[in-house]
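Labels below follow one simple rule: chain letters A, B, ... track the order of the sequence lines, proteins then strands, and each chain is numbered from 1. These numbers were taken from a predicted model, which means no experiment stands behind them.
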Amino acid sequence: MHRELKTAIAAVSVAALLAGCAAGAPDNGSNGDGELASSITVMTWGGTWTEAEAAGYHVPFTDQTGIEVNTATPMDVSKFRIAVESGNYEVDVALLPPYHFFLAKELGLLEPIDLSLIDTSTLSPDLEVDEFGVPGSMVAQQIAYRNDAFPNGGPQNWAEFWDVEKFPGKRSLEDSPVANLEYALLADGMAVSDLYPLTPEKIDRAFASLDKIKPHILAWGNNPALSQQMITDGEVDAMMLFSGRASSLDPSANVSVSWEQANQNVGLWAIVKGTPRVKEAHMLINVAMDPENQAMFSRTTGFGYGTVSPQGSDFFTPEELEKMPSHPENYAKGFKVDNEWWGKNLADILPRWEEWKIS
Amino acid sequence: MTVTADAKLVDAQAGGPRGSARATRSSKYAGRAAGSYLVTPALVFLGVTFLFPMLTVLWASFEGENGFTLEWYATALGTPVYQRLIVYTYVFSAGVTLICLVFGFLLSYAMATFWKRHAGAIMAGLLLAFWTGMLIRTYAWMVILGSKGIFAGAFRAVGVEEPPQMMYNTFGTVVGMANILIPYMVLMLYPVMNRVNPNLMMAAQTLGATRLRAFWRVYVPATIPGIVSGCVLVYMITLGFYITPALLGGTENMMISQIIERQISTLQNWNLAGALSVVLMLGCIIPLWIYSRQLKSSNVLGGG
């Protein structure tokens, strides 16, 4: 009797555990008859970025459609990949940085965009709409430096960043060959128009150029939030900083930025392939095309992010516009790293980068 | 097991009068055997959440475009930079383990002997450290060791213009990791030390040994079970450390865990990440083997 009871308890608990595992996500998707889902999940970075996304896009979207927006952090292509491979769609849509976008596109993780559902007329003619993505954000990777370290002005372009005699001090760059190879070539005297395509000779030249700055790099940044800390605390005197981070720095940090030769990163909205909420995702992207919403997004980030629509500029004062990457003057001084090329080639270059870093 | 089997034999030989006792004993066996079924939910849980993902990683490390392949292991073990990093990971982890051993041993010894009154409070303090997340503590160290931190301020206060670089290098990494790992070491060492008979040291001294000699020849050997289990535990944890070397370390402190993360996240090459993870895991097998050898012989040492 004892034994049978214990066996029964064991069997029931195992069954309950397995049933719990198999329960799966609650049903939430567009039905055939056109009924909309009750919620949609957006993949996002977290922190100020997510606050800005919510203010600019999620809240207006929910107001217009009544669909709740959930967020999933952090931004990682793995989330898209797991969703597609397992069929369990924990994320539906994301505003991907360019490298992530081209990687996801390479791996076949994205849903083709149905342009009949999205009004792209407001977009700047300079920006291309991809088969799998719609331009949604603009941020610049720029040089930032401490004013107290350089009372006579800091490095304005990459050649000056490399010049440790004229501008002595500790540096930091992002821990990735993406964009850094380009900066190294620009520092070495190459013109922006000659950068692409990146041939093996150019890559060798870039690494040789990087050798010159390497002893002065204190840390290779791999965490954008910490990068803000590095320059405010004075760990480094000059670094590559995202404009979104630079603009949200406290004025007491006494940091200046340069727009010359800045890398203008255009992020794209993309939808996970095969998500049941594809229609709702398109609706969200459509809301994001509204210049007023883009202006709200940019405002909440402290103007470090630009608007992909020229009409977005109407919502800012001239002083505010000067801080934005999409300001025509700032935009003209920068260039665009070929993230599509990197999406295909990073796997080959990364071991060389790691080797170079630790040697 | 042997003792109870003998008892059963005695019962059988004794026959009738002990029949009822035998019945009780066999139902005790039955109870124990059936009771073990209750572990099944836990085993299923472990199987699903632990064993299954590990087997998936193992599978992925052998999976290529055309089925079974060893190309990922060839890449993992053949690329010079990965070889260097794997070796560095093992060696650096061993170094950190040694440092934790020295400091952990000193602290445990203090708690077991001259700070015995405060041992409870010290232990509470160490356990409190476990309640704080690893990430928060690493960030805290970044504030303390930074160029605007307490130590830098102390250096400037005594007139040193440029305080030494305490972060983004080996020093910062070791400090951050040791801070997190020493409680583990103490948790392994202190119970063993507590059980060492203090009279042993006195006996050795009455037999003519100096205090130092008594310490080395009598006390330390008695604590070896604790030392081994502490070192094994700390070494295995250190091998897989990601956050602290990534945040507090410089380029010379890169460990293989950072490469694995890159492969998974930035490059989406889960096969290579799997192969590298398996290679890292193999580094745990030797300490585990040492540990199991020591466990078997611990009966001889009589305790711990």
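Annotation: side chain of B:Leu85 is not in contact with side chain of A:Glu355 (no heavy-atom distance under 4.5 Å). Two residues are said to be in side-chain contact when any heavy atoms from C-beta on lie closer than 4.5 Å; A:Leu226 and B:Tyr139 meet this criterion. Annotation: side chain of A:Glu354 is in contact with side chain of B:Met254 (closest heavy-atom distance under 4.5 Å). Two residues are said to be in side-chain contact when any heavy atoms from C-beta on lie closer than 4.5 Å; B:Gln165 and A:Leu218 meet this criterion.
If you measure heavy-atom distances from A:Trp353 to chain B, the contacts under 4.5 Å come from the side chain alone. Only the side chain of A:Leu350 comes within contact range of chain B, judged by heavy atoms closer than 4.5 Å. Contacts between B:Ile259 and chain A at a heavy-atom distance below 4.5 Å involve the side chain alone, from C-beta outward. Neither the backbone nor the side chain of B:Glu252 comes within contact range of chain A, judged by heavy atoms closer than 4.5 Å.
Here the NE2 atom belonging to A:His100 is positioned 6.0 Å from the OG atom belonging to B:Ser265, to the nearest 0.5 angstrom. A distance of 5.5 Å separates OH in B:Tyr168 from CD in A:Glu235, rounded to the nearest 0.5 Å.
Counted within 6.0 Å of CH2 on A:Trp341, heavy atoms from surrounding residues, nucleotides or ligands total more than 12; the atom is thus considered enclosed. Around CZ of B:Phe50, the count of heavy atoms belonging to other residues, nucleotides or ligands within 6.0 Å does not exceed 12.
Proximity of a side-chain donor or acceptor of A:Tyr99 to a complementary backbone N or O of B:Thr266 within less than 3.5 Å is detected.
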Would A:Gln229 and B:Met142 satisfy side-chain contact (heavy atoms from CB on, under 4.5 Å), going step by step from the backbone distance to the final call?
-> CA-CA 10 Å; A:Gln229 212 60 39; B:Met142 292 183 83; over 6 Å; no
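Your options are B:Arg84, B:Lys148, B:Gln258, B:Arg262, and the one with the most heavy-atom pairs under 4.5 Å with chain A is B:Arg262.
The two atoms that bring A:Asp233 and B:Ser147 nearest to each other are O-OG, 3.7 Å, heavy atoms only.
By the ring-ring contact (aromatic ring centres under 6.0 Å, His included) test, B:Phe92 is found to be paired with B:Tyr88, residues two or more places apart in sequence or in another chain being considered.
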